Each structure stands twice: as C-alpha cells, then as structure tokens.
Amino acid sequence: MIDAGDLKKYVQKAEVEDRVKRSKQVQLPEGNRTLNSISCSESNRPSLTSQIEKILRKQFKDYCELYKIDGVEVDDHEKWMNAPITFDAEDIEDGMEDHNNPLVLTLPIAGCNIRKVLIDGGSSVNVLFYDTLIRMELNDEKFMSSYYTIYGFNGALTKPLGDIVLQVNAGPMKVDTRFSVVEAPSPYNAIINRRWLHKIKGVATTYHQYLRFPTPEGVMEIRGDQVTARECQTIQNQLNNEHDEQR
C-alpha cells in the first residue's frame with residue numbers, strides 16, 4: 001500500500017518525525033576546563049626558493065588535519081557518511097527570522113571546552129589566539145614554523161607566532177588540527193576554517209545556527225550560541241572602528 005501511494009500522507013509525516021530525531025545534540029566532555037575568552041582570513045606564502053618551499057610543504061603535509069574516530073584514523077568512505085543532512089523551518093526559533101549572527105560554538109580543543117569559536121567557511125587557515133593558548137596552559141615549545149601571512153585582522157597583515165597541532169573534537173569525531181597562533185585583539189578565542197568542516201563532512205549554517213555532521217552513531221549537531229555571537233560581533237565592530245580611527 002505504501003508503494004502504491006495509498007499511505008502517502010502518513011509516510012510524509014513519519015519522514016518529518018524521523019528527520020527531527022535524526023540529529024543528536026553533541027554533549028561537551030565533563031571535567032574539561034571551559035575558556036570564555038578573524039573572519040575572512042587567507043593564507044599567503046612569501047616568495048621562496050623551490051627547495052625551501054618543498055621542505056615547508058612536506059612539513060605542512062606531515063601535520064595536516066588527521067580525521068579519527070575514537071583514536072582510529074578514517075581513510076575509507078563509510079556508508080554512514082552518506083546520511084542526509086537537512087535543515088528546515090522547525091530549526092528556526094522565534095525571533096530568528098531576521099538576524100545577522102555568525103556561527104559561534106563551544107568546542108573541545110586539547111582537553112578544554114573553548115567558547116567563542118568562530119566557524120568561518122571563508123577562512124583558509126585555523127587561528128588560535130595567543131591569549132587563549134596561555135589560558136589553556138600551553139606553551140610555545142610545540143610551535144612549528146609558519147609561512148603564512150594572515151589577512152583580515154582589521155584590515156592589517158598579521159604574521160603568526162608559529163603553528164601548533166591540537167585535537168579538536170566534535171562528538172566522536174576527532175581532528176588533529178593545525179592552528180596558526182596569532183597575537184592580536186579579537187572577541188573570539190579561535191577560528192575554525194572550511195578545511196576542518198570538510199574533514200568531518202559537516203554542514204554549517206549561520207541562518208539556522210547549527211553545525212551538523214555524520215557519525216557512526218547518526219547525524220549529530222552542535223548548536224550556535226546567538227547571545228555570544230552578538231556580543232562578539234559588537235566587540236569586533238568596536239575594534240574595527242578603533243583601527244579606522246588610528247589609521
């Protein structure tokens with residue numbers, strides 16, 4: 001009867017209910033310290049000789065993001081990765097129809113629950129701010145050389161202090177992620193770029209304020225913090241205005 005279409009209206013209702021149940025909210029690890037506190041950044045290599053560039057490229061390749069599930073590296077394409085990821089009107093809360101908020105999450109990074117993490121699909125580099133690194137009780141002993149010049153910090157060019165590889169978790173998905181450590185004023189603690197999103201095969205939407213991604217346990221989600229996003233946006237605007245006045 002279902003194949004014949006006689007129960008179509010009931011099948012549609014079941015699909016809607018199943019879609020709502022399909023996404024599981026990611027829970028932050030208990031016991032982690034929580035830290036409370038640039039968009040459109042790009043990478044740019046200086047002109048290098050061919051030999052030096054090969055060495056730096058190999059170093060970067062050796063420390064590119066590694067995608068793991070509970071410590072096991074993921075190489076092959078698994079069937080669970082094909083799970084559909086959807087967003088609909090039910091994801092929009094009252095008063096959210098007309099907003100201009102970026103997607104700001106709390107993510108476990110190197111054993112700390114880091115708040116004010118900006119998900120920036122337009123960025124080609126992950127950024128960790130030096131002040132955040134200090135509050136995470138990390139040091140610069142693990143720094144690697146960086147050949148990036150980052151654009152986007154109030155229109156200025158920023159040279160990273162170095163690069164560091166830290167594990168960023170999203171539910172059971174664990175990604176060894178290379179960050180460029182930057183000493184600059186920012187309302188955010190870190191910026192996650194599109195490469196990280198692609199690694200977990202995630203879909204981030206600023207309008208719906210969700211990050212959703214497939215896992216062996218089903219599609220999981222991390223919800224954005226709109227209040228924090230608005231606060232960060234206000235601070236960023238103030239920083240931009242101060243920079244313009246100085247110029």
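Atoms considered below: every heavy atom in the structure, side chains included; atoms not considered: hydrogens, waters and symmetry mates. Predicted, not measured: the structure shown is a model, and the values here were computed from it.
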Practice item. Rounded to the nearest 0.5 Å, what's the gap from CG on D176 to NZ on K199? Could you check? Key: 10.5 Å
Do you know the tightest heavy-atom contact between [X] and [Y]?
| X | Y | answer |
| --- | --- | --- |
| P187 | Q236 | CD-OE1, 3.4 Å |
| L107 | W196 | CD1-CH2, 4.3 Å |
| A110 | M136 | CB-CE, 3.9 Å |
| G202 | F213 | CA-CB, 3.8 Å |
| G171 | M220 | CA-SD, 4.4 Å |
| N113 | P29 | ND2-O, 3.3 Å |

Practice item. Determine whether I200 and L28 fall in the same hydrophobic cluster, where Ile, Leu, Val, Met, Phe, Trp and Tyr are linked whenever their side-chain heavy atoms lie under 4.5 Å apart. Key: no
Exercise for review: Spell out, yes or no, whether L161 and I134 are grouped together once hydrophobic residues are joined by side-chain heavy atoms under 4.5 Å, including indirect joins.
Suggested key: yes
Review point. Is it true that atom CZ of F143 has more than 12 heavy atoms of other residues, nucleotides or ligands lying nearer than 6.0 Å?
Key: yes
**Study point:** L103 and D120: CA distance, side-chain angles, deciding distance, side chain to side chain contact (heavy atoms under 4.5 Å, CB included) verdict
**Key:** CA-CA 8 Å; L103 184 60; D120 185 1; over 6 Å; no
Hey, does the side chain of [X] reach the backbone of [Y] with a donor-acceptor pair shorter than 3.5 angstrom?
| X | Y | result |
| --- | --- | --- |
| E242 | L239 | no |
| E78 | T215 | no |
| N126 | R178 | yes |

Partners of [X] by side-chain hydrogen bond (donor to acceptor under 3.5 Å, both in side chains), sequence neighbours excluded?
| X | value |
| --- | --- |
| N82 | H77 |
| T228 | R115, D225 |
| T234 | none |

Min side-chain heavy-atom separation [X]-[Y] under 4.5 Å:
| X | Y | answer |
| --- | --- | --- |
| P160 | Y130 | no |
| M173 | I69 | yes |
| F179 | I192 | yes |
| D88 | H208 | no |
| V203 | L211 | no |
| I85 | P214 | yes |
| L166 | L138 | yes |
| V117 | V104 | no |

Exercise for review: Go through the steps to decide whether D131 and E183 satisfy the test side chain to side chain contact (heavy atoms under 4.5 Å, CB included), and finish with yes or no.
Suggested key: CA-CA 7 Å; D131 178 64; E183 189 169 16; over 6 Å; no
Less than 3.5 Å apart, any donor N or O on the side chain of [X] or [Y] sitting next to an acceptor on the other?
| X | Y | answer |
| --- | --- | --- |
| N189 | R135 | yes |
| D163 | S180 | yes |
| S123 | N193 | no |

Check your understanding: Hey, what's the ring geometry for Y207 with H99, parallel, tilted or perpendicular (30° and 60° as the breaks)?
Key -> parallel
Point to revise | Audit row: R195, S124, side chain to side chain contact (heavy atoms under 4.5 Å, CB included) steps and yes/no | key: CA-CA 7 Å; R195 182 183 181 87; S124 58; over 6 Å; no
Exercise for review: Would you mind checking if K68 and E73 are paired as a salt bridge, meaning a charged N to carboxylate O distance below 4.0 Å?
Suggested key: no
Point to revise | Carboxylate-amine/guanidinium contact R212 D91, below 4.0 Å | key: yes
